[in-house]
2 protein chains.
Amino acid sequence: MVNIKDVAKNANLSVATVSRYLNKNGYVSKKSSERIEQAIRELDYKPSSIARSLSKKQSNIIGLIVPDIKNPYFPELARAVEDMAWSYGYTVVLCNSDEQTEKELLYIERLSQTYVAGLIVTTSLMDPSVYMSINTPIVALDRIIDVAIPTVATDNRKGAKLGTKYLLTNGAENLLCIRGPQGLKTADDRLTGFLEATDEQGLDPIVVTTSFDFKDAAKVIEQTLMLHPQVDGIFASSDTLAIAALHIAHKLEKRVPEELQIVGFDGIALGEMVSPALTTVGQDLYKMGAAAATMLIEQIEGKEIKQTVLNLDAQLIVRGTTRKEAAK
Amino acid sequence: MVNIKDVAKNANLSVATVSRYLNKNGYVSKKSSERIEQAIRELDYKPSSIARSLSKKQSNIIGLIVPDIKNPYFPELARAVEDMAWSYGYTVVLCNSDEQTEKELLYIERLSQTYVAGLIVTTSLMDPSVYMSINTPIVALDRIIDVAIPTVATDNRKGAKLGTKYLLTNGAENLLCIRGPQGLKTADDRLTGFLEATDEQGLDPIVVTTSFDFKDAAKVIEQTLMLHPQVDGIFASSDTLAIAALHIAHKLEKRVPEELQIVGFDGIALGEMVSPALTTVGQDLYKMGAAAATMLIEQIEGKEIKQTVLNLDAQLIVRGTTRKEAAK
DNA sequence: TTGAAAGCGCTACCAG
DNA sequence: CTGGTAGCGCTTTCAA
């Protein structure tokens, strides 16, 4: 492997000058620059980012911690993060935490042995102090960890209220809310939004809790729907959950949206693929991921951080699991 | 950050001895070991993997190159790779190539600046020589690059034949094959398998080509189905494509599986979520990813490689988009 | 069984 | 504007 020394020799300059050229800091004469460029081309020199990291005590690796990349929500985020990172010359390390605090902790520990430049975390089950205490730039994506930590998230309460109201406007009367795991902030907030909307109408909806696992969810939903056949509107705390509901509706031969309307939350691509396509409260996932990456990189590079919290509004995406807004 | 020198000082030993202890090579007396352990605990010392990489010219980073992590096929692979890597102490860098040779090349170049320990690649659009020439352990996953490169893949021809035959056995007579992009080995092989099955029956099926993009595929399928309403069996080159077909079937109000049967290929989780659930030729994605990672790590660590090519058989997974095997 | 010291490739300070 | 050189933290001879 050719190194900076070889380049220096070839260009008849010192290592220091070449380094200065490479980092575009300090003075290098036009002539020297040309000689260096020439040498680099000739030798096909590639700087070692490891060596650079060691001496700068700073790498260009970003850790992305997600609960499970198989959950269709996260690849969309991951893709955006990766795109952004790539364009800034960073590289992203993928970490699956399985929502386990312990595994996440281990990851953080391992990553910090590598001088990770920063962390993007889509989790909040953990004590905020852990994140605050690690001495690495960090941004929370999707889930808020602490007000002190830069965050990109969606206003879940507001979005849920929006979706629920739409269901109500469309004539649904017996609502069911399928909520995600207890204690998960996003799920809690979405429930709050749902309840706000139903409360306003003086309704008394059913609420069931489930994990995000498709099969678990399907089971819970099936039981609930059997028990409460009058349900004609479902607000699900995620698109996956909504799709599970749709699946069960088919199984129970309930017509969607005629007999049962469903609204999801997230806006994953999958929602367009099912039949009928899913009406949902959609977030701009790509935008979120990209924003988080940008925010992190700005932090890493010590730039003025314009905005430390980005709270996005979700939009209603009307597709096929709700009736056309009828009597209004 | 506490370093090896601090530990050595604290343990009243030399840096060399501590290093030997850390790497479990060379002699270290029982007593010294204990002192070192003690010091490590006391100081909460974490070795710097960057420094280690620099001096060993070897990192613990594995690059995983996929076309697009948003394609639901890849997260399942990625998850397995990551799990395996994690358990061996490696870290995986996620790279999206978008099926673009150029981007892939850039990635490989960038990764090689980091002493990546190895590469797992799910692509084959590129000239094999590129992979052979980079001086890094590599394994091809899902798509075969070259016989000389260790590979984990599925027997696509055989699987496709299996799926098509099943369609035929179940009474489908007018077959349509939705094949993936031309020139993509996996797609080509699956077409071959499909044709073998139809040829045996002296059939003359329709074949259409599409990209893996859902919307593109849906459009192509819709046109085809309008043009050839007699089609009563579809073999799709991937589950995503099959789901697109299912979507269009609903749109055109064709009953599945009564009027139209569909068989996919891949076995992604998504297949179970749609309604009716997708009958498919399934691969054990997790196993594939895990095997690829293991194979790579064995290569990296210079272990005897038991097996350099793993060719798995796909299994028929009968679900709801085909009729129950009737007259047989 | 241990330690001194020479790198690994690059950055950054200081002197010229 | 340029070069010498001391690290960055760790591994690995080579001697002792």
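FYI, side chains are in, hydrogens and waters are out, and symmetry mates aren't considered; it's all heavy atoms of this structure. Here the structure is a predicted model, which is why all the values come from computation and not from measurement.
- No side-chain donor from either of B/Glu109 and B/Gln113 sits under 3.5 Å from a side-chain acceptor of the other.
- Under the side-chain contact (heavy atoms from CB on, under 4.5 Å) rule, A/Ile108 has a single partner from A/Thr136, A/Ile65, A/Ile138, which is A/Ile65.
- A donor-acceptor pair shorter than 3.5 Å can be found between the side chains of A/Asp83 and A/Tyr286.
- Partner of A/Pro150 under the side-chain contact (heavy atoms from CB on, under 4.5 Å) criterion, chosen from A/Val309, A/Thr308, A/Ile145, A/Leu296: A/Thr308.
- Judged by distance alone, the side chains of B/Thr154 and B/Gln283 do bring a donor and an acceptor atom under 3.5 Å apart.
- Residues in residues 56-100 of chain B take part in these ring pair (Phe, Tyr, Trp, His ring centres under 6.0 Å) pairs, two or more places apart or across chains: A/Tyr107-B/Trp86.
- Residue A/Ser53 is out of contact with every strand shown, counting any heavy-atom pair closer than 4.0 Å.
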Exercise. Which letter, B, S or -, goes with each nucleotide of nucleotides 6-16 of chain D from 5' to 3', with contact meaning a protein heavy atom under 4.0 Å?
Worked result: -BBBBBB----
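- For DNA chain C, the span of nucleotides reached by chain B at under 4.0 Å from its heavy atoms goes, 5' to 3', from C/dT1 to C/dG9.
- Remark: the backbone N or O of A/Ala153 is not paired with any side-chain donor or acceptor of A/Thr151 at under 3.5 angstrom.
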Problem set entry | Derivation and outcome, salt bridge (Lys or Arg N to Asp or Glu O under 4.0 Å), residues B/Lys70 and B/Asp98 | CA-CA 10 Å; B/Lys70 282 190 310 190; B/Asp98 279 323; over 6 Å; no
